[in-house]
There are 2 protein chains.
Amino acid sequence: MNIGQAARASGVTAKMIRYYDEIGLVAPASRTDANYREYETREVNELRFIKRARTLGFSMEEITLLLSLWRDRGRPSREVKAIAEKHVAALDARIAEMQAMADTLRHLSHCCAGDERPDCPILADLTGGSEPTPARHQRTVQSRGRQRD
Amino acid sequence: MNIGQAARASGVTAKMIRYYDEIGLVAPASRTDANYREYETREVNELRFIKRARTLGFSMEEITLLLSLWRDRGRPSREVKAIAEKHVAALDARIAEMQAMADTLRHLSHCCAGDERPDCPILADLTGGSEPTPARHQRTVQSRGRQRD
DNA sequence: GATGGGGCTTCCCACGATGGTAAGGTCAAG
DNA sequence: CTTGACCTTACCATCGTGGGAAGCCCCATC
């Protein structure tokens with residue numbers, strides 16, 4: 001099995017397989033006389049493992065750990081679970097951040113007329129975003145007239 | 001005002017101010033005889049605008065657009081709103097993706113004993129993640145009865 | 001005037017994970 | 001033997017940010 005076949009079988013591009021090889025995420029593939037990398041079912045399974053882990057958002061570093069646990073028949077599931085839970089926590093934190101961004105923007109967008117007039121609470125927020133009155137947007141937004149541009 | 005003062009006043013690092021300068025996000029700063037960049041309140045306000053927009057997750061490209069609208073007194077708020085709404089949609093899409101990852105991992109984690117035994121539904125999922133039975137994690141994984149969660 | 005510390009300048013490198021491309025070797029089918 | 005598909009390495013780009021080196025400048029203190 002050469003790299004292209006392994007790529008199709010695993011869902012990982014040949015490019016990325018070489019990259020994983022290069023950074024040592026997977027053991028260096030054996031080579032043919034013509035210096036072609038060759039793969040067996042075992043390597044393809046590793047690549048699918050990596051692919052799936054990437055799909056779940058694990059970083060390369062985490063995947064390195066997961067792979068070593070996966071290869072270790074005697075690993076305690078506790079360690080795997082710890083990695084997963086840490087990643088879930090990181091995802092949740094990032095989600096919360098993005099949710100906050102989206103909520104703020106939804107609110108500003110809701111307050112923006114979205115017509116031909118130039119007055120815009122979104123730009124007003126970006127201009128003076130550090131001011132302590134984010135919740136009080138009525139139609140009087142125009143009266144804040146602090147545009148000094 | 002030199003770049004360090006502008007950085008402190010805007011919350012943008014000097015490094016990033018130079019970068020924004022370089023990529024043309026802001027107009028090239030005027031220079032002193034000693035080739036030092038100099039800033040006025042106006043530029044600091046632009047930098048704060050950028051900072052705030054970055055906090056809300058806008059890309060540089062979007063910020064370029066937002067800045068040009070901000071500078072244009074006659075802009076229609078419609079255009080600003082369109083950018084904001086598009087960004088909200090992108091955020092929501094990304095949040096949904098990450099939420100799906102987190103939910104899957106939470107489920108797997110919940111099913112993992114997390115003890116000294118090597119059997120682990122998380123690794124099992126990563127191994128055969130592409131198989132068509134994602135919900136069917138048989139209880140036979142833990143043949144000795146469950147102790148935790 | 002000299003000296004020293006801190007700030008400024010440009011330039012280069014790094015990240016993470018991926019894609020692109022170019023130049024050259026190889027394999028298999030016609 | 002030719003052709004086209006495939007492999008190899010090597011380099012560049014992304015995006016936004018940080019780090020650092022080498023060298024110049026400003027100001028205060030001696």
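Atoms considered below: every heavy atom in the structure, side chains included; atoms not considered: hydrogens, waters and symmetry mates. Just so it is clear, the structure is predicted and the values come from calculations on it, not from any experiment.
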For [X] and [N], what is the distance between atoms [atom1] and [atom2] respectively, to the nearest whole Å?
X       : N      : atom1 : atom2 : answer
A:Glu38 : C:dC27 : CD    : C1'   : 14 Å
B:Glu22 : D:dC15 : CD    : P     : 14 Å
A:Tyr19 : C:dG19 : OH    : P     : 12 Å
B:Ile17 : D:dG16 : CD1   : P     : 17 Å
B:Ile23 : D:dG16 : CD1   : P     : 7 Å
A:Leu25 : C:dG16 : CG    : P     : 12 Å
A:Ile63 : C:dG16 : CD1   : C1'   : 12 Å
A:Ile3  : C:dC27 : CD1   : P     : 16 Å

Verify the contact: side-chain N or O of [X] to OP1 or OP2 of [N], cut-off strictly under 4.0 Å; return yes or no.
X       : N      : result
A:Asn35 : D:dT8  : no
B:Tyr20 : D:dT17 : yes
A:Asn2  : D:dC7  : yes
B:Thr13 : D:dG18 : yes
A:Arg37 : D:dT9  : yes

DNA chain C: 5'-proximal contact among A:Tyr36 and A:Met16 (nearest heavy atom):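 Mapping each residue to its closest nucleotide by heavy atoms, the 5'-most match is A:Met16.
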
Between B:Arg8 and B:Arg31, name the one whose nearest nucleotide on DNA chain C is closer to the 5' end.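 Comparing both residues, the 5'-ward one is B:Arg8.
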
Do the side chains of A:Tyr36 and A:Val12 join up, straight or via other hydrophobic residues, at under 4.5 Å, putting them in one cluster?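 No, no single cluster joins them.
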
Donor-acceptor pair under 3.5 Å, B:Lys15 side chain vs D:dG20 base: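 Donor-acceptor pair under 3.5 Å: yes.
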
From the list D:dT8, C:dT10, D:dG16, which nucleotide is the closest neighbour of the side chain of A:Arg18?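 From the listed options, D:dT8 comes nearest.
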
Does anything in residues 53-60 of chain A come within less than 4.0 Å of DNA chain D? Heavy atoms only, and list the residues if so.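 None, since no heavy atom is under 4.0 Å.
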
Please determine if [X] and [Y] form a salt bridge, counting it only when a charged side-chain N lies under 4.0 Å from a carboxylate O.
X        : Y        : answer
B:Asp119 : B:Arg117 : no
B:Arg18  : B:Asp21  : no
A:Glu46  : A:Arg71  : yes
B:Glu38  : B:Arg31  : no

Looking only at atom types and distance, does a side-chain atom of B:His87 sit under 3.5 Å from a main-chain N or O of B:Leu56, one as donor and one as acceptor?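 Yes; judged by distance alone, with no hydrogens or angles, the pair exists.
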
Audit row: B:Leu65, B:Trp70, side-chain contact (heavy atoms from CB on, under 4.5 Å) steps and yes/no: CA-CA 9 Å; B:Leu65 293 173; B:Trp70 186 59; over 6 Å; no

